[in-house]
There are 2 protein chains.
Amino acid sequence: MKGEAMLQLDNQLCFPLYAASRMVTKLYQPLLEKLGITYPQYLILLVLWENDELSVNEIGKKLMLETNTLTPLLKRMEVKGIVKRTRSKSDERRVIVKLADKGGALKQSALCIPLELLEGMTNQFPLERVGRLRDDLNALLKALSQ
Amino acid sequence: MKGEAMLQLDNQLCFPLYAASRMVTKLYQPLLEKLGITYPQYLILLVLWENDELSVNEIGKKLMLETNTLTPLLKRMEVKGIVKRTRSKSDERRVIVKLADKGGALKQSALCIPLELLEGMTNQFPLERVGRLRDDLNALLKALSQ
DNA sequence: CACGATTAAATCGTGTACGATGTATTGTAC
DNA sequence: GTACAATACATCGTACACGATTTAATCGTG
């Protein structure tokens with residue numbers, strides 16, 4: 001492929017990745033709106049539902065986000081009563097994030113979300129392709145993070 | 001898969017999509033920094049290099065972005081001397097975006113970017129998988145936009 | 001031709017992202 | 001133990017994204 005052709009939007013990986021990410025986020029939105037949370041806030045809940053308590057850094061590693069993104073995000077979630085933030089006694093630098101009552105309760109309402117989303121997607125896009133896409137993306141992530 | 005398991009980060013499509021998109025954007029950054037542009041600005045240049053002049057709306061359709069994102073973005077690019085914005089004579093509602101001198105010149109410097117990026121990527125991630133990923137993402141985009 | 005509906009941008013407010021920098025705490029080497 | 005590096009967050013500034021609303025121009029129908 002010539003350099004010229006490679007600059008075409010269709011031939012690049014970057015654009016479909018960027019557009020698909022935003023588009024899928026929008027798919028989640030009506031479902032998350034019912035829970036009163038945003039998409040990044042949902043991601044934080046996903047990792048907190050799997051782990052009782054995590055430091056800001058540990059959340060950051062799982063979601064590949066820096067503290068400059070997480071700190072204000074977590075503060076907004078604390079104001080909403082979704083998470084609690086406390087300094088670690090053993091290491092005063094660390095801030096421990098736990099689910100607050102509301103955050104734990106949201107899990108029940110969220111259980112249906114992945115399936116609902118898949119259903120909305122597989123109307124036009126076959127399920128096995130979703131699986132392949134996920135695996136390829138995870139492989140890409142792994143490859144790029146070294 | 002149980003609802004519980006579907007809430008795991010690894011099993012969802014949304015997270016790898018979100019993380020991979022941000023990670024690939026970061027791959028572009030050192031290359032784009034040399035040109036003095038950001039990643040969304042690069043996308044706008046890609047479509048303007050393919051089309052001499054486009055209205056804000058037409059750019060928006062190609063990149064799936066709204067005017068509330070594009071207007072300030074294009075204004076920043078205008079300040080830098082990369083694009084020109086003029087009201088259409090035939091329809092005063094439309095704003096026509098064209099390349100300014102600097103924007104045209106950037107194309108030469110950008111020709112190497114797609115290849116450089118591919119090379120950085122295919123060290124760990126095979127080329128045919130990049131192609132499959134791109135095709136799957138484009139198919140997903142098409143499926144979701146109807 | 002008039003006038004309500006539609007369209008194209010722009011504006012506003014909120015919420016991410018993230019590079020760069022600051023600050024407090026802990027680890028470590030001498 | 002003390003100074004210095006490393007670590008964990010927080011803060012600041014800039015640039016997207018995008019829902020909601022506004023403004024101005026054009027279209028369509030009677």
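Just so we're on the same page: letters track the sequence lines, and every chain starts at 1.
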Of the listed nucleotides ([options]), which one gets closest to any side-chain atom of [X]?
X     : options                : result
A:K26 : D:dC18, D:dC16, C:dC18 : D:dC18
A:E92 : C:dT25, C:dA9, D:dC9   : C:dT25
A:N57 : D:dA17, C:dA17, D:dC9  : D:dC9

For [X] and [N], what is the distance between atoms [atom1] and [atom2] respectively, to the nearest whole Å?
X     : N      : atom1 : atom2 : answer
B:K61 : C:dA8  : NZ    : P     : 6 Å
B:Q29 : D:dT14 : CD    : P     : 16 Å
A:L70 : C:dG15 : CG    : P     : 16 Å
B:R94 : D:dA24 : CZ    : C1'   : 15 Å
B:E66 : C:dT7  : CD    : C1'   : 13 Å
B:L63 : D:dA17 : CG    : C1'   : 13 Å
A:R76 : C:dT16 : CZ    : C1'   : 7 Å
B:L73 : D:dA17 : CG    : P     : 7 Å

Determine whether B:L65 and A:R22 make a side-chain contact, defined as any pair of heavy atoms from C-beta on separated by less than 4.5 Å.
->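 They are in contact (side-chain heavy atoms under 4.5 Å apart), so the answer is yes.
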
Less than 4.5 Å apart, any side-chain heavy atom of B:I113 and any of B:L32?
->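 Side chain of B:I113 against side chain of B:L32, heavy atoms only: contact under 4.5 Å found.
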
With a 4.0 Å cutoff (strictly under), does any side-chain N or O of [X] reach OP1 or OP2 of [N]?
X     : N      : result
A:R87 : C:dT26 : no
A:R85 : D:dA10 : yes
A:Y39 : C:dG15 : no
A:S55 : D:dA8  : no
A:T38 : C:dT16 : yes

In plain terms, say whether B:E92 and B:R87 are close enough for a salt bridge, that is, a side-chain N and a carboxylate O under 4.0 Å apart.
->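 The answer is no: the pair does not qualify as a salt bridge.
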
Can we say B:D52 and B:K98 salt-bridge, meaning some charged N sits less than 4.0 Å from an Asp/Glu carboxylate O?
->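 Salt bridge: no.
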
Base partner of C:dA17, which must satisfy Watson-Crick or wobble distances under 3.5 Å =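 Here C:dA17 is engaged in a pair, and the nucleotide opposite it is D:dT14.
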
May I ask you to say what B:T67 touches in the nucleic acid, namely base, sugar-phosphate or nothing, with a heavy-atom cut-off under 4.0 Å?
->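 Base: the residue B:T67, judged by heavy atoms under 4.0 Å, touches a nucleobase.
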
Given that A:E33 and B:S90 both sit by DNA chain D, which one's nearest nucleotide is further toward the 5' end?
->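 Of the two residues, A:E33 wins.
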
Comparing B:Q41 and A:K75 on DNA chain D - which has the more 5′ nearest nucleotide =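 Nearest nucleotide further toward 5': that of A:K75.
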
In terms of the angle between their ring planes, are A:W49 and A:Y42 parallel, tilted or perpendicular, with boundaries placed at 30° and 60°?
->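 Because their plane-to-plane angle is over 60°, the rings of A:W49 and A:Y42 count as perpendicular.
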
Report the residue (A:N68 or A:R93) whose heavy-atom-nearest nucleotide on DNA chain C is the more 5′ of the two.
->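 Its nucleotide being nearer the 5' end, the pick is A:N68.
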
Quick one: does A:Q41's side chain have a donor or acceptor within less than 3.5 Å of a partner on A:M77's backbone?
->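 Between the backbone of A:M77 and the side chain of A:Q41 there is no qualifying donor-acceptor contact (under 3.5 Å).
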
